[in-house]
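What follows is a set of notes on a single structure, which appears directly below.
Only heavy atoms go into these numbers, but all of them, side chains included; no hydrogens, no water, no symmetry mates. Counting convention: from 1, in listed order, for ligands and their atoms alike.
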Amino acid sequence: MRALQSLNERRSVPSRLLGEPGPSAAELESLIASAIRVPDHGKLTPWRLILIRGDQRRRLGELLVATQLRRNPETPPAVLDKDRQRFNFAPLIIAVVARVEENHPKIPAQEQLLSAGCVAYNLLLGAQALGYGAQWLTGWAAYDADIAAAFALAPGERIISFIHIGTASETAPERLRPAVADVTSEWTAPE
Ligand SMILES: Cc1cc2nc3c(=O)[nH]c(=O)nc-3n(C[C@H](O)[C@H](O)[C@H](O)COP(=O)(O)O)c2cc1C
């Protein structure tokens, strides 16, 4: 049962509770190397990672604000402030990009997307194993065409997560988890 400890202890740390220090260069290299050991039907490597660090975090926030204002100059200041701050907490944000080939002859798009999801989840588990806190966030920016262009995403590519990683300033609250019995059933053959 001890082998399951890292899974049992996993929980997100809200990004606003994440700060310096983030992973060192060596830790980041190891974290990524471990996180990309995912199931990958067809060995397509249907994902890639984009690091957002240093002043680029502030610039991404400003890009979000500019995008909002271009679309709606009346955007409330509170909304703009939230967007401006979004990427300013954790020292490291890893955008996980799924590279989905919709009409692949053998591998359904869903399987490619799920492989990318495994990378994102491994980043959460790996960051925690290294002693950092992490949170998987999307928000509107992950689904926005203009932001996708700013990330130079190719057709078929999409951001599935911004994984925020840093040192937790406090212990994140645990939440109620679903009961095993509520989500598990036994398959029996139809008569
Ligand atoms: C695909 C995906 C996108 C998410 N996007 C957001 C988000 O934009 N904002 C947010 O507050 N939580 C988001 N979450 C939820 C958090 O990452 C986290 O799972 C949740 O706060 C529950 O905490 P836990 O991971 O400890 O169960 C997302 C989760 C997933 C799987």
For residues Leu130 and Val38: do they belong to one hydrophobic cluster (side chain heavy atoms under 4.5 Å, members Ile, Leu, Val, Met, Phe, Trp, Tyr)?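 Leu130 and Val38: one cluster.
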
For Arg2, side-chain hydrogen bond (donor to acceptor under 3.5 Å, both in side chains) partners two or more places apart: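 side-chain hydrogen bond (donor to acceptor under 3.5 Å, both in side chains) check on Arg2 returns nothing, list empty.
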
Taking only residues two or more places apart in sequence or in another chain, which ones pass side-chain hydrogen bond (donor to acceptor under 3.5 Å, both in side chains) with Arg59?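 side-chain hydrogen bond (donor to acceptor under 3.5 Å, both in side chains) list for Arg59, sorted by chain: empty.
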
Sub-4.0 Å heavy-atom contact, Gly139 with ligand 1: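 Yes; Gly139 lies near enough to ligand 1 that a heavy-atom distance drops under 4.0 Å.
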
Would Arg10 count as a contact of ligand 1 if the rule is a heavy atom under 4.0 Å away?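 Arg10: in contact with ligand 1 (<4.0 Å).
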
Among protein heavy atoms, which sits nearest to [atom], and what does the distance come to when rounded to 0.1 Å?
atom: atom 5 (N) of ligand 1; value: Thr138 OG1, 3.0 Å
atom: atom 21 (O) of ligand 1; value: Gln135 NE2, 4.0 Å
atom: atom 22 (C) of ligand 1; value: Arg175 NE, 3.4 Å
atom: atom 13 (C) of ligand 1; value: Trp136 O, 3.5 Å
atom: atom 26 (O) of ligand 1; value: Ser12 N, 2.7 Å
atom: atom 11 (O) of ligand 1; value: Leu137 CD2, 3.8 Å

Let me see the working for Trp136 and Ser12 under side-chain hydrogen bond (donor to acceptor under 3.5 Å, both in side chains), right down to the final yes or no. CA-CA 8 Å; Trp136 177 334; Ser12 298; over 6 Å; no

Ionic contact status for Lys43 with Glu111, cut-off 4.0 Å: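 No, Glu111 and Lys43 are not salt-bridged.
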
N/O of Arg11 under 3.5 Å from N/O of ligand 1, yes or no?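 No, there is no polar N/O contact under 3.5 Å.
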
Indicate the ring-plane relationship of Phe87 and His164, choosing parallel, tilted or perpendicular according to the 30° and 60° boundaries.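 Ring orientation, 0 to 90° scale: parallel.
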
Using a 4.0 Å heavy-atom threshold (strictly under), name the region of Arg86 that reaches ligand 1: side chain, backbone, both or neither.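 No part of Arg86 comes within reach of ligand 1.
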
Polar side chain donor-acceptor pair, Asp40 to Trp47, under 3.5 angstrom: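 The answer is no; no qualifying pair exists.
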
